2 protein chains.
Amino acid sequence: MFAHSMLRPISNDRCALHSCSVCRDASPELRAELERLGRLRICRRGETVVGEEEDTPFVGNVVSGVLRTQKTLHDGRQQIVELLLPGDMFGRVFAHTSRVSIEAASNVTLCCFGRAGFEAVMARFPELEHRMLLSIMEELNAAQDWILLLGCQTVTERIASFLLILRRRALRPCAAAATPGAFPIIRVPICRRDMAAYLGTTVESISRTIQEMARRGVLRIIDPQNFEILDERRLSLLSGRDATEKPFEHVATRRASIA
Amino acid sequence: MFAHSMLRPISNDRCALHSCSVCRDASPELRAELERLGRLRICRRGETVVGEEEDTPFVGNVVSGVLRTQKTLHDGRQQIVELLLPGDMFGRVFAHTSRVSIEAASNVTLCCFGRAGFEAVMARFPELEHRMLLSIMEELNAAQDWILLLGCQTVTERIASFLLILRRRALRPCAAAATPGAFPIIRVPICRRDMAAYLGTTVESISRTIQEMARRGVLRIIDPQNFEILDERRLSLLSGRDATEKPFEHVATRRASIA
DNA sequence: CGCCGTCTTGAGTCGCTTCAAGGGTAGTGG
DNA sequence: CCACTACCCTTGAAGCGACTCAAGACGGCG
């Protein structure tokens with residue numbers, strides 16, 4: 001499996017992520033250490049980077065493209081647990097076997113560090129271990145937010161939330177350079193099948209819901225992966241997470257109306 | 001709110017958790033430090049320990065009882081994100097505002113550390129920071145497993161999984177002393193409403209499903225919180241996570257039959 | 001060109017929620 | 001001590017959101 005991938009020293013092709021992820025604000029010594037250890041790797045869409053319940057030979061971060069981490073039930077049902085965009089880290093330090101499979105949801109470029117080597121650097125640079133702690137806490141926050149989404153939101157709300165999350169990420173300073181000035185455009189970097197596996201629904205429901213949003217003038221479908229947001233306010237309301245909503249309707253009915 | 005709680009120095013009532021959680025295997029100096037900092041606190045069922053989006057004044061671990069961490073949508077829908085049992089830690093170090101509300105799902109005893117003080121100890125004892133990293137990674141694993149459960153399992157599967165998870169926890173060496181020899185009995189430490197909010201369903205569905213399991217001889221209902229497992233094999237099959245299931249049925253239909 | 005994967009759309013079905021009602025038990029106060 | 005309230009759990013009936021199944025359009029690639 002690894003034989004299919006390209007591995008080459010980072011020195012030839014410098015990692016562009018100095019301003020993101022683990023390298024951001026790192027002390028010069030630490031950064032030098034990481035650059036020495038890092039190797040660029042290119043994977044094609046669909047390729048498996050680390051298998052479920054497999055050893056984790058390396059950790060790293062996404063340079064370009066999208067990685068998905070997913071779990072599979074014995075009968076074949078799959079759930080995407082995390083989408084990793086440029087700047088995100090993948091792989092678990094100190095975890096000998098992975099609890100998820102990590103696969104390329106698009107063609108990706110990765111910056112990989114051998115796990116053992118990375119852990120050795122962590123031991124020598126407490127700032128790196130601290131940074132990892134914060135990074136994993138952030139991941140945990142995102143996971144718990146996803147639990148809320150899957151546990152008590154409708155398909156419409158999930159899709160609206162997802163689009164808004166993508167939008168927020170795209171507007172972050174780090175990624176802004178990649179899409180200059182294209183504010184009302186949301187680019188979904190994955191196919192419907194992955195959206196469905198991430199949002200806990202089906203491709204058909206996603207298709208129907210997005211078409212319905214377009215019919216109501218919330219967005220315009222440029223092509224299946226690109227949307228122009230026409231009414232951000234309404235999209236936010238559809239997400240069920242709008243702060244300006246009536247604060248408390250008094251105690252819970254579990255489902256919201258689709259309005 | 002805090003005025004309702006009892007706070008007293010741990011020295012009077014020694015924390016019984018030397019063998020669990022952060023204190024386990026800690027060096028004597030670190031343990032002394034933590035004992036100095038820790039304060040026992042008792043909360044009655046329903047009490048809020050830390051509110052959503054509030055400051056986190058302390059972190060700590062559960063001594064007895066059950067804590068729930070939950071998120072609330074603006075329209076009142078709630079989702080329990082985590083159940084914290086004896087030995088589990090609550091609160092986030094380095095996180096100034098909590099992303100969840102932490103509430104007592106039963107009467108609980110907590111061992112609390114002031115957050116600032118705890119962080120100071122972490123700075124002086126790298127072993128503590130490392131231990132926290134591992135602990136949060138474990139939490140992340142659990143959260144991602146819950147995403148799988150909520151994203152693609154039926155209500156029956158969720159309930160069976162939940163019961164088996166409780167069972168596994170009860171059998172852990174740490175907790176085993178508390179329930180000696182009562183192997184086939186599962187005690188559910190929370191009410192139906194909390195189960196529903198944790199499993200992403202409704203009290204009615206839970207009630208129906210459990211009654212159905214009893215009718216089929218999978219378990220016997222001793223009382224609403226206690227069940228005797230009559231057919232663990234079948235319960236495991238119902239959970240949809242049995243390892244001995246046909247490994248691959250070939251690609252995914254999203255829902256499983258209820259068999 | 002023909003195959004394959006992706007996306008869309010329609011029709012039918014069903015699992016689960018919603019709504020409604022009843023019994024049981026704990027806690028409270030007269 | 002006993003009403004009285006409140007909450008918890010259960011059960012039934014009805015409705016609906018989302019899934020399943022099926023078919024067709026579109027586009028890329030060997």
Side-chain angles (χ1 to χ4, degrees), chain A residues 44-46 75-79 105-107 149-160 188-197 199-215 219 221-227 238 240 249 251-259, chain B residues 44-46 75-79 104-107 149-160 188-197 199-215 221-227 238 240 249 251-259:
Chain A
R44 306 209 48 178
R45 174 178 170 177
D75 64 3
R77 283 173 287 174
Q78 295 187 323
Q79 175 68 33
S106 69
N107 296 334
L149 181 139
L150 293 176
C152 58
Q153 296 202 266
T154 64
V155 166
T156 302
E157 289 171 330
R158 295 180 203 186
I159 292 172
V188 176
I190 55 175
C191 67
R192 292 280 184 276
R193 200 164 82 74
D194 284 346
M195 268 187 82
L199 296 172
T201 180
T202 60
V203 288
E204 294 94 331
S205 290
I206 291 190
S207 192
R208 272 186 257 274
T209 305
I210 290 181
Q211 297 296 326
E212 178 66 20
M213 284 178 175
R215 237 170 280 130
L219 49 75
I221 301 173
I222 300 171
D223 65 59
Q225 310 240 99
N226 290 280
F227 310 105
L238 283 180
E249 183 74 32
V251 173
T253 54
R254 286 195 47 77
R255 292 278 166 196
S257 62
I258 319 180
Chain B
R44 305 209 48 180
R45 174 178 169 176
D75 63 2
R77 284 173 287 173
Q78 295 187 322
Q79 175 69 33
S106 69
N107 295 335
L149 181 140
L150 294 176
C152 59
Q153 296 202 267
T154 65
V155 168
T156 302
E157 289 172 329
R158 295 180 204 185
I159 292 172
V188 175
I190 55 173
C191 66
R192 293 281 184 276
R193 201 163 81 73
D194 283 347
M195 270 186 81
L199 296 173
T201 178
T202 61
V203 289
E204 295 94 330
S205 290
I206 292 190
S207 193
R208 275 186 255 272
T209 305
I210 291 180
Q211 298 295 327
E212 178 66 20
M213 284 178 175
R215 238 171 278 130
I221 301 174
I222 300 171
D223 65 58
Q225 312 240 99
N226 290 279
F227 310 106
L238 283 180
E249 182 75 31
V251 173
T253 53
R254 285 195 47 77
R255 292 277 165 195
S257 63
I258 319 181

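In what follows, every chain begins at residue 1, and chains take the letters A, B, ... in the order their sequences are listed. Just so it is clear, the structure is predicted and the values come from calculations on it, not from any experiment.
Looking at E204(B), its side chain comes within 3.5 Å of the base of dC19(C) through a donor and an acceptor atom. Judged by distance alone with a 3.5 Å cut-off, no donor-acceptor contact links the side chain of R208(A) to the base of dG17(D). Contact annotation: side chain of R192(A) to base of dG5(C), donor-acceptor pair absent below 3.5 Å.
The nearest whole Å value for the distance from the CZ atom in F227(B) to the C1' atom in dT10(D) is 12 Å. D194(A) has its CG atom 13 Å from the C1' atom of dG5(C), to the nearest Å. Here the P atom of nucleotide dT17(C) and the CZ atom of R77(B) are 13 Å apart, to the nearest Å. Between the CD atom of E212(A) and the C1' atom of dT9(C) there is a distance of 13 Å, given to the nearest Å. Here the P atom of nucleotide dG24(C) and the CD1 atom of I221(B) are 16 Å apart, to the nearest Å. Distance N107(B) CG to dA26(C) P: 15 Å, rounded to the nearest Å. R193(B) places its CZ atom 14 Å from the P atom of dT18(C), with the value rounded to the nearest Å. Between the CD atom of Q225(B) and the P atom of dT25(C) there is a distance of 14 Å, given to the nearest Å.
Not one side-chain nitrogen or oxygen of S205(B) sits closer than 4.0 Å to the OP1 or OP2 atom of dC16(C). A close approach under 4.0 Å does occur between a side-chain nitrogen or oxygen of T202(B) and OP1 or OP2 of dT17(C). Contact annotation: T201(B) side-chain N/O to dT17(C) OP1/OP2 distance is under 4.0 Å.
Q79(B) contributes a side-chain N or O that, together with a main-chain N or O of A197(B), makes up a donor-acceptor pair within less than 3.5 Å. The main-chain N or O of Q153(A) is found under 3.5 Å from a side-chain atom of R158(A) such that the two form a donor-acceptor pair. Proximity of a side-chain donor or acceptor of R192(B) to a complementary backbone N or O of V203(B) within less than 3.5 Å is not detected.
Among the heavy atoms of the strands lying under 4.0 Å from Q211(B) are primed sugar atoms or P, OP1, OP2 only; no base atom is included.
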Does the pair I221(A) and L219(A) meet the rule for a side chain to side chain contact (heavy atoms under 4.5 Å, CB included), with working shown? CA-CA 7 Å; I221(A) 301 173; L219(A) 49 75; 4.1 Å; yes
Decide side chain to side chain contact (heavy atoms under 4.5 Å, CB included) for N226(A) and V188(A); before the verdict, give the C-alpha distance in whole Å, the side-chain angles of both, and the deciding distance to 0.1 Å. CA-CA 6 Å; N226(A) 290 280; V188(A) 176; over 6 Å; no
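Mapping R45(B) and R215(B) onto DNA chain D via the closest heavy atom, the residue that lands nearer the 5' end is R45(B).
Here dC16(C) is the nucleotide among dC16(C), dC19(D), dT6(C) with the atom lying nearest to any side-chain atom of V155(B).
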